[in-house]
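Counting begins at 1 with the first residue of the sequence.
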Amino acid sequence: VTHVWDGFDPADGGERIVVGGGITAVTLACTLTGQGEEPVTLLTRHPLEWAVAEADPPWITWSHIEETLHTEPPGSKARFDTVQAAENSTTIPPYQYHDLDRRLDDGSLVIERGEVDRARLDGELSLQLRRGKRLTADRAVLATGFEPVFDHPLVERTADDLGLERGYRDMPVLDDETLAWHTTSGECSNVFVTGALA
């Protein structure tokens, strides 16, 4: 069992299960179908969802961000909830649908829905799903995303060492104009964030 971003070697053959329901899982499952005789199983907890972008188009404009997000206090639960509601998480772009559909039609890919309850390695890998079904394979590849970035050890250490303020779910409390991280005394620090931290 390996994570796709942590030492996974696509050349390792055998029967494979890809665990995940987003773009990485679907892309990986489709790619692996051409590398062996056994069908690849894509195991997802929910039906696959299709969306063109990670969020609706207004979210790329600064005015929409100011009107919708900046009305809530930085680092607040309300701000977190607004972002979560706007995000099209675990979605697959429509252009990938035809690739997936072709592989389902030719039998090189199988989709199973369920959540893993137990895993056991006894000559082969066995995944027991909560609804009772058991899947077996030579290996499983996790394409399930990343742990929340707010509580990553580097972020936690940086916040603690520099006295930086954290809000709901340990989110950085940022200046809306510059994305400078506030100190616990409420001043802007010289630490600026981007990506998931922002």
Salt bridge (Lys or Arg N to Asp or Glu O under 4.0 Å) against D101, all qualifying residues, sequence neighbours excluded: none
Donor-acceptor contact below 3.5 Å, side chain R166 vs main chain F150: yes
Contacts of V116 that satisfy side-chain contact (heavy atoms from CB on, under 4.5 Å) - sequence neighbours left out: L43, L127, L129
All pairs passing ring-ring contact (aromatic ring centres under 6.0 Å, His included) where residues 116-136 contributes a residue, at least two apart: none
ring-ring contact (aromatic ring centres under 6.0 Å, His included) contacts in which one or both residues fall within residues 170-198, not counting sequence neighbours: none
Under 3.5 Å: donor-acceptor pair, side chain of R118, backbone of Q128: no
Test item: R130 side-chain N/O and E115 main-chain N/O as donor-acceptor pair under 3.5 Å: no
Verify same cluster id: L164, F80 (apolar side-chain graph, 4.5 Å): yes
Under the ring pair (Phe, Tyr, Trp, His ring centres under 6.0 Å) test, residues paired with H64 that sit two or more places apart: W59
Reference residue H3; test side chain to side chain contact (heavy atoms under 4.5 Å, CB included); the match among T144, V141, V19: T144
All ring pair (Phe, Tyr, Trp, His ring centres under 6.0 Å) counterparts of Y97, not counting sequence neighbours: W50
Gap separating the OG1 atom of T158 from the NE2 atom of H152, nearest 0.5 angstrom: 10.0 Å
Salt bridge (Lys or Arg N to Asp or Glu O under 4.0 Å) partners of R16, counting only residues at least two apart: none
Contact check, side chains of P10 and L32, non-hydrogen atoms, under 4.5 Å: yes
Within one Ile-Leu-Val-Met-Phe-Trp-Tyr cluster: V173 and V191, side-chain cutoff 4.5 Å: no
Nearest atoms (heavy-atom pairs only) where V155 meets V149: CG2-O, 3.5 Å
Side chains of L179 and T194 in contact at under 4.5 Å (non-hydrogen atoms): no
More than 12 heavy atoms from other groups under 6.0 Å of CZ on R102: yes
For S108, side-chain hydrogen bond (donor to acceptor under 3.5 Å, both in side chains) partners two or more places apart: D106
Other residues, nucleotides, ligands: >12 heavy atoms within 6.0 Å of N190 CG: no
Residue pair S76 / M171: nearest heavy atoms and the distance that separates them: O-CE, 3.3 Å
Minimum heavy-atom distance between A143 and T24, given as atom pair plus value: CB-CG2, 4.1 Å
With R131 via side-chain hydrogen bond (donor to acceptor under 3.5 Å, both in side chains) - residues at least two apart: E112
Heavy-atom side-chain proximity of R139 to T2 below 4.5 angstrom: no
Gap separating the CD1 atom of I23 from the CG atom of L48, nearest 0.5 angstrom: 12.0 Å
With D138 via salt bridge (Lys or Arg N to Asp or Glu O under 4.0 Å) - residues at least two apart: none
Nearest heavy atoms of L42 and G20, plus distance in Å: CD1-O, 3.5 Å
Listed partners of T31 passing side-chain contact (heavy atoms from CB on, under 4.5 Å), at least two apart: T27, Q35
Non-hydrogen atoms of G21 and T44 that approach each other most closely: CA-OG1, 3.4 Å
From CZ (R79) to CG (L69), nearest 0.5 Å: 4.5 Å
L121-L142 co-clustered via ILVMFWY side chain contacts under 4.5 Å: yes
Heavy atoms of other groups near R45 CZ, more than 12 under 6.0 Å: no
Between CG on residue L100 and SG on residue C30, distance to nearest 0.5 Å: 5.0 Å
CD on E38 to CD on E15, rounded to 0.5 Å: 5.0 Å
Heavy-atom side-chain contact between E177 and E66 under 4.5 Å: yes
Gap between atom CD1 of I17 and atom OG1 of T136 - 0.5 Å precision: 7.0 Å
For S189 against A180, the heavy-atom pair lying closest together: O-CB, 3.7 Å
Residues that S185 engages under side-chain hydrogen bond (donor to acceptor under 3.5 Å, both in side chains), provided they are two or more places apart: T183
